[in-house]
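These values consider heavy atoms only, across backbone and side chains, with no hydrogens, waters or symmetry-generated copies.
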Amino acid sequence: MDSLIPHQPMERNLAMDLVRVTEAAAMAAARYLGRGDKNLVDKAAVDAMRYTLGYVHMDGVVVIGEGEKDKAPMLYIGEYIGDGTSLPVDIAVDPIDGTTSVARGLPGAISTVALSIKGTMHYPKEFFYMNKIVTGAEARDCIDINAPVKENLRNIAQAKQKPISEITVVVIDRPRHEQLLTEIRSAGARVKLISDGDVAAAIEAALPEKEVDVLMGIGGTPEAVIAAAAIHCTGGIIQCKAWPKDEKERKAAIAKGIDVDKVYSTNDLIDSDDVFFAATGVTSGELLKGVRYFSGGAQTQSLAMRCRSGTIRWVDAYHNSTKLAKLKF
């Protein structure tokens, strides 16, 4: 199997190449802020991302994409990306995490790309949703997704050396989380609800000195893998389990021999230290500032991560609109 093929560590830091990709996607999508058209936002980001990825020095295949081949122009699973050079890699893309937020003019949307050595990115695609818990390096050995909510929060608080009353849990605002919210509040922790975009929230929970300490709740499976790439770079941890959306999905997975009770941790989703991650803000949120326009150009803020070195960079960039207009995306 590809995951068993020995490989040399990647010496070149591809994270900065990926920042150029997410910057292009973010700026393309931000033009349609608040116009109420999700498809327009997504298409603009996908087109820009595909064009810019084509110039990255790699032989990439999309493991997590926006759609299948017959639904192009989406970046589809199995699509080959890059300039075809001899560096074989897996790629996970989410051109816009929070498409609805951009379409409605709401905060917190980002553009993301993750990359790892070929055969090391694992996507449990049998399930559309997964139940997740994410926290940072301080509490990485203290969580158990199968444990009660109160126990996890108590352990996280102890690891972070502060009372539960100062622990903040970020949760997507959905009816399915009513019981979870009751348990968090009963434990005495603070709650931060978000409308969309749990990749950004997961990253924030894994970074030190941020507003939130932990992410809990049910979100998309592709987003779990993309977030895992960033979390791996920070030294934090994600644990997740399948959350079948109905009995049909559960039975179909069991029929394929899938263990629906398996707990996936960071290394189960990203099995390599040769991991690179980039994100650029589209609309301003807690993690990143959104695209801002000024006379003659735009400003972006991005995050670039490399797992092997543990390097996390914040990249503020200014872009000349006259020169950008010459790019064909």
Side-chain angles (χ1 to χ4, degrees), residues 15 92 112 114 116-117 120-124 130-172 180 183-184 187-192 194 198-219 221 223-243 261-277 279 286-287 303-314:
T112 68
S116 68
I117 283 288
T120 62
M121 192 176 287
H122 308 298
Y123 172 28
M130 300 191 88
N131 189 21
K132 311 170 190 178
I133 180 170
V134 175
T135 192
E138 300 157 294
R140 62 168 293 122
D141 298 321
C142 303
I143 63 169
D144 178 358
I145 198 169
N146 288 322
V149 169
K150 186 174 183 178
E151 180 179 330
N152 275 314
L153 293 177
R154 183 173 62 243
N155 290 340
I156 291 168
Q158 184 175 3
K160 288 176 172 276
Q161 298 183 348
K162 57 185 182 180
I164 289 183
S165 61
E166 295 179 6
I167 293 294
T168 303
V169 187
V170 61
V171 180
I172 296 179
L180 172 62
E183 293 180 35
I184 293 170
R190 293 157 30 106
V191 173
K192 178 183 176 181
I194 58 173
D198 69 343
V199 174
I203 296 169
E204 189 182 358
L207 287 170
E209 300 179 4
K210 285 295 182 179
E211 180 184 347
V212 301
D213 300 282
V214 55
L215 173 140
M216 290 182 169
I218 297 152
T221 301
E223 289 80 1
V225 182
I226 293 171
I231 293 162
H232 196 25
C233 295
T234 69
I237 188 170
I238 181 171
Q239 289 183 2
C240 46
K241 291 178 64 176
W243 192 80
D261 295 316
K262 178 179 177 178
V263 175
Y264 297 83
S265 193
T266 313
N267 289 338
D268 295 308
L269 301 174
I270 306 289
D271 185 23
S272 173
D273 286 337
D274 281 320
V275 179
F276 302 89
F277 177 88
E286 297 294 337
L287 182 66
L303 195 55
M305 301 184 183
R306 184 188 187 193
C307 182
R308 186 168 291 280
S309 64
T311 304
I312 301 173
R313 289 184 172 92
W314 300 87

Side chain to side chain contact (heavy atoms under 4.5 Å, CB included) evaluation trace for Trp243 with Thr221: CA-CA 9 Å; Trp243 192 80; Thr221 301; over 6 Å; no

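- His232 places no side-chain N or O within 3.5 Å of a backbone atom of Asp274 that could act as its donor or acceptor partner.
- Taking 4.5 Å as the limit, every side-chain heavy atom of Thr168 sits out of range of all side-chain heavy atoms of Val191.
- Considering only heavy atoms from C-beta on, Val214 comes within 4.5 Å of Leu153 through its side chain.
- For Asp271 (side chain) and His122 (main-chain N/O), no donor-acceptor pair under 3.5 Å exists by modelled atom type.
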Audit row: Ile237, Val134, side chain to side chain contact (heavy atoms under 4.5 Å, CB included) steps and yes/no: CA-CA 6 Å; Ile237 188 170; Val134 175; over 6 Å; no

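- Counting heavy atoms from C-beta outward, Asn152 and Met216 have side chains that approach closer than 4.5 Å.
- Atom CD of Gln158 is surrounded by 12 or fewer heavy atoms from other residues, nucleotides or ligands within 6.0 Å.
- Put simply, CD on Glu183 and NZ on Lys150 are 11.0 Å apart, with the number rounded to the nearest 0.5 Å.
- Contact record, Ala189 with Ile167: CB-O, 3.6 Å, taken as the closest heavy-atom pair.
- In this structure, Asp268 contributes its side chain and Ser265 its backbone to a donor-acceptor pair below 3.5 Å.
- Note that the CD1 atom of Ile133 and the OG1 atom of Thr135 stand 7.5 Å from one another [nearest 0.5 Å].
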Pair Met121-Val225, side chain to side chain contact (heavy atoms under 4.5 Å, CB included): steps then yes or no: CA-CA 8 Å; Met121 192 176 287; Val225 182; 3.8 Å; yes

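- To the nearest 0.5 Å, atoms CD1 (Ile270) and OH (Tyr123) are separated by 13.0 Å.
- Of all non-hydrogen atoms in Ile145 and Gln239, the two that sit nearest each other are N-OE1, 2.8 Å.
- Using a 4.0 Å cut-off between charged nitrogen and carboxylate oxygen, Asp213 and Lys162 count as a salt-bridge pair.
- Residue Leu207 holds its CG atom at 6.0 Å from OG1 of Thr234, rounded to the nearest 0.5 Å.
- Put simply, the side chain of Val275 does not reach to within 4.5 Å of the side chain of Arg308, judged on heavy atoms.
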Criterion salt bridge (charged side-chain N to carboxylate O under 4.0 Å, His left out) on Glu211 and Lys192, from CA distance to verdict: CA-CA 9 Å; Glu211 180 184 347; Lys192 178 183 176 181; 3.6 Å; yes

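- The two residues Phe276 and Ala15 have their closest heavy-atom pair at CD2-N, 3.6 Å.
- Checked by atom type and distance alone, the side chain of Arg140 pairs as donor or acceptor with a backbone atom of Gly236 at under 3.5 Å.
- In terms of modelled atom types and a separation under 3.5 Å, the side chain of Arg154 and the main chain of Ile164 share no donor-acceptor contact.
- A heavy-atom distance below 4.5 Å is found between the side chains of Met130 and Tyr264.
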Lys132/Ile218 under side chain to side chain contact (heavy atoms under 4.5 Å, CB included): CA gap, chis, key distance, verdict: CA-CA 6 Å; Lys132 311 170 190 178; Ile218 297 152; over 6 Å; no

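- Side chains of Leu303 and Ile312 form a contact here, defined as non-hydrogen atoms less than 4.5 Å apart.
- Rounded to the nearest 0.5 Å, atoms SG (Cys233) and CZ (Arg306) are 10.0 Å apart.
- Taking 4.5 Å as the limit, some side-chain heavy atom of Cys240 sits within range of a side-chain heavy atom of Leu269.
- Looking only at side-chain heavy atoms (C-beta outward), Ile184 and Val171 come within less than 4.5 Å of each other.
- Remark: Lys210 does not engage Glu286 in a salt bridge, criterion side-chain N to carboxylate O under 4.0 Å.
- The backbone N or O of Ile238 sits less than 3.5 Å from a side-chain atom of Thr266, completing a donor-acceptor pair.
- Between Ala202 and Leu215, the shortest heavy-atom distance links the atoms N-CD1, 3.7 Å.
- Within the model, atoms CD1 of Ile231 and CE of Met305 stand 9.0 Å from one another, a figure rounded to the nearest 0.5 Å.
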